[in-house]
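Have a look at the structure below, then the notes.
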Amino acid sequence: MTLLRHIPFLNAVFWHSISAFGGPQGHYGMMVRRFTVERRDVTEQELLEFTAFCQMLPGASSTQTLSLIGYKRGGALLAIVTLIMWVLPAGILMSLLSFLLQFIDKRSLDVDVFKFVHPMAVGFLAFAAYRSGRISIKNTITVVIAVISALLTYLFFRTPWVFPILLILGGVVTNFSKKRIPEMDVQRRRIKWSNLWFFVLVFVVLGFLSEWSRIQQRNAGVQQPHYRIWNISENFYRFGSLVFGGGDVLVPLMYEQFVVKPKGSNQYMTSEEFLTGSGMVRAIPGPVFSVAAFHGGMAMRKWGSVWQVLGCVAGLLFIFMPSVLLVLFFYPVWNNLKRYAIVYRSLEGINAVVVGIMVASTFYLFKDISVTEFKTLDAINVLVIAGTFGVLFLKRFPSPVIVAVCLLLGWAF
């Protein structure tokens, strides 16, 4: 019954899940619009803090941020339901693709209808950077931190450790301030150690089962589905537990594990099949980590549809489980520490770093968009970026309408 009063929020999460294009950077811009400007589920300051905190953890950062919004509204149960609502649409689409791939002409997957999704994501991200900058950039030191963070993030965007390192350094820099901590009524949250112990237990058990399965298959000299399912489950859980930097880091690690390492008949999928799934996940709304459903299904497809479905479920379950377990354990710890001056002072620098990361992400996404060749397509790209920012600034239309207009433009041009 407690979930019934959160139905409007879950409805907003569903619409977000089917309209949030552009990867974690674009997702943040849409979260600002939907959950702070339109619905006021969280303040912009809280959303900025959630984003900074999740950047310091491994796993799917946009998924963790959205789960924290649910956690703030209704505790751990609502956070888990929010996660499921966010992940399921993309997971189902990528699972279906693993079944339909053999019937699809690979060349037809480069669908023009999505051509303006990229510049739209840049517009959303630029708007988020603008809104966040108004809150976090208040003095000289935060300007310096934001500028340096933007430059380093742009230069080392594909280096997975750049985000947590910059966030930690930003917090250290502002701790040299004499700023006094105000009297704050920080609601203490109970730390559930069971989340951490369960995370470690699953890690150890899957590692044991995967190694046991590998030995059994080596001795038998043949691949068996009931062994491989444990291998891929451990792979996905390990990736979800250790990957910093989002999908840009996850995809090459998966490529090494599923395409390069297995040889001959043991190969999970071909390079072309892997890259097709990894490309398509960028063209659908939702988390990039949902590509695990596709790769899990492809890894199990030669043993029939039942095993293929199990592979899709294993991919989706074990890639996201570490993200939610880690964020639900560490956030109460972080929240309770905010009462101390060293943590309070660090928030100023951490938030400035997040603004710098957003600015760098905006330019990083922008560099792959054609805007300088004086063609019709270039002009429309510029109009989409500027129009998205302008509409968000003026609060004229909800996010799904903006997405629909950009898809229609892709179909028309």
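In what follows, residues are counted from 1 in the order of the sequence shown. Heavy atoms only: backbone and side chains are in, while hydrogens, waters and symmetry mates are out.
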Note, [X] side chain near [Y] side chain (heavy atom, < 4.5 Å):
| X | Y | result |
| --- | --- | --- |
| Val354 | Ser136 | no |
| Leu10 | Val81 | yes |
| Arg33 | Arg39 | no |
| Trp197 | Phe329 | no |
| Leu47 | Phe35 | no |
| Phe330 | Asn195 | no |
| Phe289 | Leu316 | no |
| Cys54 | Val327 | yes |

Give the C-alpha distance, both sets of side-chain angles, the deciding distance and a yes or no for side chain to side chain contact (heavy atoms under 4.5 Å, CB included) between Arg301 and Met298.
-> CA-CA 5 Å; Arg301 73 191 188 283; Met298 294 298 290; 3.6 Å; yes
When you look at CH2 of Trp15, are more than 12 heavy atoms from neighbouring residues, nucleotides or ligands closer to it than 6.0 Å?
->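 Open: at most 12 neighbouring heavy atoms sit under 6.0 Å from CH2 of Trp15.
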Do other residues, nucleotides or ligands put more than 12 heavy atoms under 6.0 Å from Phe363 CZ?
->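 Counting neighbours around CZ of Phe363, 12 or fewer heavy atoms of other residues, nucleotides or ligands fall under 6.0 Å, so no.
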Looking only at non-hydrogen atoms, find the nearest pair between [X] and [Y] and report the distance.
| X | Y | value |
| --- | --- | --- |
| Arg34 | Ser19 | NH2-OG, 3.5 Å |
| Ala292 | Met254 | CB-CE, 3.9 Å |
| Thr362 | Ala126 | OG1-N, 3.8 Å |
| Val291 | Gly277 | CG2-O, 3.8 Å |
| Cys312 | Ser95 | CB-OG, 3.4 Å |
| Ile385 | Pro119 | CG1-O, 3.4 Å |

Check against side chain to side chain contact (heavy atoms under 4.5 Å, CB included), Thr36 and Val42 = CA-CA 6 Å; Thr36 67; Val42 290; 3.8 Å; yes
Residues in side chain to side chain donor-acceptor pair (under 3.5 Å) with Thr51, at least two apart?
-> none
Side chain to side chain donor-acceptor pair (under 3.5 Å) against Ser62, all qualifying residues, sequence neighbours excluded | His27
Measuring from atom [atom1] of [X] to atom [atom2] of [Y], what distance do you get when rounded to the nearest 0.5 angstrom?
| X | Y | atom1 | atom2 | answer |
| --- | --- | --- | --- | --- |
| Phe198 | Met321 | CZ | CE | 5.0 Å |
| Ile284 | Ser17 | CD1 | OG | 10.5 Å |
| Glu46 | Leu68 | CD | CG | 10.5 Å |
| Trp230 | Leu209 | CH2 | CG | 5.0 Å |
| Ser149 | Leu169 | OG | CG | 8.5 Å |
| Ile232 | Tyr227 | CD1 | OH | 16.0 Å |

Intermediate values then yes/no, side chain to side chain contact (heavy atoms under 4.5 Å, CB included), Leu328 and Gln64 | CA-CA 9 Å; Leu328 290 182; Gln64 291 170 325; over 6 Å; no
Compute the centroid of each ring, for Phe236 and then for Phe320, and state whether the two points are separated by less than 6.0 Å.
->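 No; Phe320 has its ring centre 6.0 Å or more from that of Phe236.
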Ring center gap for His295 and Tyr268 short of 6.0 angstrom =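 Not under 6.0 Å, so no.
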Evaluate ring-ring contact (aromatic ring centres under 6.0 Å, His included) for Tyr331 paired with Phe50, printing each intermediate quantity in order.
-> CA-CA 9 Å; Tyr331 184 72; Phe50 290 171; 5.5 Å; yes
Are the side chain of [X] and the backbone of [Y] linked by a donor-acceptor contact shorter than 3.5 Å?
| X | Y | result |
| --- | --- | --- |
| Glu211 | Phe208 | no |
| Arg228 | Ala299 | yes |
| Ser290 | Gly286 | no |
| Gln308 | Ser98 | yes |

Is any side-chain N of the basic residue among Arg214 and Glu234 closer than 4.0 Å to the acidic one's carboxylate O?
-> no
Step by step, work out the side chain to side chain donor-acceptor pair (under 3.5 Å) result for Ser213 and Asn231.
-> CA-CA 7 Å; Ser213 298; Asn231 293 143; 4.7 Å; no
Enumerate the residue pairs fulfilling side-chain hydrogen bond (donor to acceptor under 3.5 Å, both in side chains) with a member in residues 77-90, sequence neighbours excluded, ordered by first and then second residue.
-> Thr63-Trp86
Which is it for Phe199 and Ser241 under the side chain to side chain contact (heavy atoms under 4.5 Å, CB included) test, yes or no, and what are the steps along the way?
-> CA-CA 9 Å; Phe199 166 80; Ser241 302; 3.3 Å; yes
I would like to know whether Lys72 and Glu49 meet salt bridge (charged side-chain N to carboxylate O under 4.0 Å, His left out); could you show each step before the answer?
-> CA-CA 12 Å; Lys72 186 251 181 181; Glu49 180 188 325; over 6 Å; no
Side chain to side chain contact (heavy atoms under 4.5 Å, CB included) with Tyr255: which residues, sequence neighbours excluded?
->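 In terms of side chain to side chain contact (heavy atoms under 4.5 Å, CB included), with neighbours along the sequence ignored, Tyr255 is linked to Val259, Val260, Ser271, Phe274.
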With Ala146 via side chain to side chain contact (heavy atoms under 4.5 Å, CB included) - residues at least two apart | Ile137
By ring pair (Phe, Tyr, Trp, His ring centres under 6.0 Å) - contacts of Phe239 (at least two apart) |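 Once residues adjacent in sequence are excluded, Phe239 has no partner under the ring pair (Phe, Tyr, Trp, His ring centres under 6.0 Å) criterion.
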For residues Glu348 and Thr142, is any side-chain donor paired with an opposing acceptor at under 3.5 Å?
-> no
